[in-house]
Amino acid sequence: MIRNRSVTLTMSQPTRHLDLGCGAHPRNPYRASAVFGVDIRLPAELRSASLVEADIVLDGIPFPDNHFDSVSAFDFLEHVPRQAFSPRTGRTIFPFVDLMSEVWRVLKPDGLFYGFTPAFPHAAAFQDPTHVNIITVGTHDYFCGGAPAAAVYGFKGRFVSERVCWTCAKNAEDARDSLRKRLRDLHRRHLRRKVDHLLWELRADKGSAGQS
């Protein structure tokens, strides 16, 4: 289901944000006071306590539980395999499902996940030969609700869908959506321009769990 209700983080105290697949310049859509990034390859001179090199698809996110107020993934989820064979365990694994568990784990209760991904049925979802995870308008539902469907594949967590909407690359980093921007997106869509990305804002529902 497409939802379009923008949310904001309370900025009355310091906040921490993590950008997945960050490259040299982590993004900060919620304008958090401290920004961290993780990527599979980083130049040695850039690596630090806040900019970490790690293969999060295979090894998880190298930060503690309940550590971040928000996490983002810009043009990243489409590169994460849905299914793979693990030579370590000799079993089939579900890297995308496992990554969503990791995002939920490192978020604080009610923390926000901001995902921005080219999606079906638009050509942008397929044209890059390294895209292996095709996202649709219903993919996020597998990780949301009282009994997420992805739990059968090992998903550990629960999100609430705050906003899921079509947008374009130009609007990628503005989490604080405005009426003007939404009207501009609708106009582009009407003209069949490149409104080809799905934007997710999912809230980590931890109930009484994870309140450390």
Side-chain angles (χ1 to χ4, degrees), residues 3-43 45-57 59-80 99-117 140 143-144 156-165 167-182 185 197-207 209-212:
R3 305 173 72 111
N4 200 350
R5 179 163 62 92
S6 66
V7 293
T8 58
L9 289 175
T10 301
M11 301 299 289
S12 59
Q13 55 186 340
T15 52
R16 287 192 293 257
H17 178 79
L18 174 65
D19 188 37
L20 306 179
C22 64
H25 305 286
R27 302 201 194 193
N28 185 15
Y30 295 105
R31 302 181 188 178
S33 50
V35 183
F36 296 74
V38 60
D39 208 317
I40 192 169
R41 278 185 290 276
L42 288 169
E45 64 273 16
L46 293 179
R47 297 174 205 159
S48 66
S50 60
L51 202 57
V52 178
E53 182 177 283
D55 186 344
I56 61 175
V57 171
D59 299 322
I61 298 175
F63 289 97
D65 297 356
N66 309 309
H67 192 65
F68 293 103
D69 298 275
S70 55
V71 173
S72 60
F74 289 88
D75 293 296
F76 176 73
L77 296 180
E78 66 272 21
H79 299 279
V80 179
L99 178 65
M100 292 300 293
S101 294
E102 282 289 284
V103 170
W104 183 87
R105 179 185 66 80
V106 301
L107 280 170
K108 295 178 180 179
D110 292 324
L112 295 173
F113 175 55
Y114 189 93
F116 183 82
T117 312
H140 70 284
F143 307 102
C144 296
K156 299 177 179 65
R158 184 169 61 243
F159 287 100
V160 174
S161 173
E162 296 287 356
R163 180 165 60 134
V164 176
C165 62
T167 186
C168 62
K170 185 176 181 181
N171 293 337
E173 227 171 318
D174 184 7
R176 295 188 290 189
D177 199 12
S178 66
L179 177 60
R180 179 180 295 178
K181 183 164 76 67
R182 276 181 274 171
D185 275 358
H197 281 60
L198 273 176
L199 188 156
W200 290 357
E201 275 187 300
L202 308 181
R203 177 170 54 83
D205 180 2
K206 298 197 171 186
Q211 299 280 354
S212 61

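No hydrogens, no waters, no symmetry mates; every other heavy atom, side chains included, goes into these values. Numbers for residues simply follow the sequence, beginning at 1.
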Rounded distance [0.5 Å steps], CG in Leu199 versus SG in Cys168: 10.5 Å
Contact check, side chains of Phe63 and Val71, non-hydrogen atoms, under 4.5 Å: no
Asp55 (side chain) donor-acceptor with Asp59 (main chain) under 3.5 angstrom: no
Electrostatic pair Asp110-Arg203, nearest N-O below 4.0 angstrom: yes
Any donor-acceptor N/O pair, Lys206 side chain to Trp104 backbone, under 3.5 Å: yes
Verdict with reasoning, Tyr114 to Glu162, per side-chain contact (heavy atoms from CB on, under 4.5 Å): CA-CA 10 Å; Tyr114 189 93; Glu162 296 287 356; over 6 Å; no
Residue pair Val35 / Ser50, side-chain heavy-atom distance below 4.5 Å: no
pair Tyr30-Ser72: side-chain heavy atoms closer than 4.5 Å: no
Heavy-atom check, side chain of Val57 versus side chain of His79, under 4.5 Å: no
Note, Leu20 side chain near Val38 side chain (heavy atom, < 4.5 Å): yes
Ser33 side-chain N/O to Thr15 backbone N/O, donor-acceptor pair under 3.5 Å: yes
For Ala24 against Leu51, the heavy-atom pair lying closest together: O-CD2, 4.3 Å
Flag side-chain contact, heavy atom, 4.5 Å: His17 against Pro26: no
Step-by-step side-chain contact (heavy atoms from CB on, under 4.5 Å) determination, Phe143 to Val103: CA-CA 11 Å; Phe143 307 102; Val103 170; over 6 Å; no
Geometric class of the Phe68/Phe36 ring pair [parallel <30°, tilted 30-60°, perpendicular >60°]: perpendicular
Leu198 CG to Glu78 CD distance, which is reported to the nearest 0.5 Å: 11.0 Å
Ring-ring centroid check Phe76 Phe116, cutoff 6.0 Å: no
Check: Leu42 main-chain N/O paired with Glu53 side-chain donor or acceptor under 3.5 Å: yes
Backbone of Gly37 reached by a side-chain donor or acceptor of Asp19 within 3.5 Å: no
Rounded distance (nearest 0.5 Å) linking atom CG of Leu112 with atom CG of Asp69: 9.0 Å
4.5 Å side-chain heavy-atom contact, Ile56 and Pro62: yes
Between CG on residue Leu77 and OG1 on residue Thr117, distance to nearest 0.5 Å: 4.0 Å
Leu202 vs Met100 side-chain heavy atoms within contact, under 4.5 Å: yes
Sequence-distant partners of Arg105, side chain to side chain donor-acceptor pair (under 3.5 Å), two or more places apart: Asp65, Glu102
Asp39 to Gly21 - nearest heavy-atom pair and separation: OD2-C, 3.3 Å
